[in-house]
Amino acid sequence: MIAIYPGSFDPVTNGHLDLIARGAMIFDKLIVAVAHNLEKDPLFEVKERIELLEAVTFDWKNVEVDVFDGLLMEYANTKNARVVVRGIRAVSDYEYELQMAMMNRHIEPQVETVFMLPAQQYSYLSSRLVKELARLGGSVKDLVPPIVAERLRAKVGKEDA
Ligand code: PNS
């Protein structure tokens, strides 16, 4: 069964990777799909986000990285995917995720949204906070893969990020 793990991935964090690992164990193929043109002011270009995702998922042979535009459900149909994977960290994620899953079901009832829980140590982690931490000169070492920490450092120009 083919599943899609969609998101902004600006940038990919260890929390995303944890979910990718779990998804890759369950599904025959997991397509990590970067949403194009969503955030008005992303830190990383889509091309860079894809490059980073490809680098950090290299070892999983059933994980593919792609980009999509427009409706997720239309994209899922073009990929013959019947599952969308989304991570839920805390209860606060649930409301937004529920709305999105229900809207997606309205658009395409054939596609199921599957919610997965990341490892507990990543339950507070988000790309937004990682970016803020890096901008303010904090260490992101344990929060993102080394190649992402390096790129963040280069972007925000802080020595110890
Ligand atoms: O990582 P994010 O920013 O929480 O991911 C959100 C994403 C990309 C999964 C969501 O915004 C999305 O699916 N966008 C595509 C547009 C779409 O299909 N909208 C209708 C469903 S509500």
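Order of listing sets the numbers, starting from 1, for every ligand and every atom in it.
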- Item | Residue selection (non-hydrogen contact nearest atom 21 (C) of ligand 1) among Asp93, Ile4, Asn104, Asp69 | Asn104

- Here the atoms of ligand 1 under 4.0 Å from any heavy atom belonging to Met103 are 22 (S)

- Item | Ligand-side contact atoms (ligand 1) for residue partner Ala35, heavy atom cut-off under 4.0 Å | 8 (C)

- If you count the atoms of ligand 1 from 1 in the order shown, which ones are under 4.0 Å from a heavy atom of Met100? 10 (C), 22 (S)

- Message: At under 4.0 Å between heavy atoms, is it the side chain or the backbone of Met73 that contacts ligand 1, or both, or neither?
- Response: neither

- Task: From the options Ser127, Ser8, Gly87, Ser126, select the one whose nearest heavy atom is closest to atom 1 (O) of ligand 1.
- Result: Ser8

- Item | Partner set under side-chain hydrogen bond (donor to acceptor under 3.5 Å, both in side chains) for Tyr122, not counting sequence neighbours | none

- Task: Report yes or no: is the cationic atom of Lys61 (NZ for Lys, CZ for Arg) under 6.0 Å from the centre of the six-membered ring of Phe58, at an angle within 45° of the ring normal?
- Result: yes

- Message: Checking Phe9 against His16 for the ring pair (Phe, Tyr, Trp, His ring centres under 6.0 Å) test, could you report, in this order, the C-alpha distance in whole Å, the side-chain angles of both residues, the deciding distance, and whether it holds?
- Response: CA-CA 8 Å; Phe9 303 103; His16 294 129; 4.8 Å; yes

- Please identify which atoms of ligand 1 are closer than 4.0 Å to at least one heavy atom of Leu72. 13 (O), 17 (C), 18 (O)

- Hey, does Pro42 have a side-chain heavy atom less than 4.5 Å from the side chain of Ser8? no

- Query: Under the salt bridge (Lys or Arg N to Asp or Glu O under 4.0 Å) test, which residues partner Glu48, sequence neighbours left out?
  - Reply: Lys155

- Message: Taking 4.0 Å as the limit for heavy-atom contacts, which would you say applies to Phe68 with ligand 1: side chain only, backbone only, both, or neither?
- Response: side chain

- Ionic contact status for Arg128 with Asp10, cut-off 4.0 Å: no

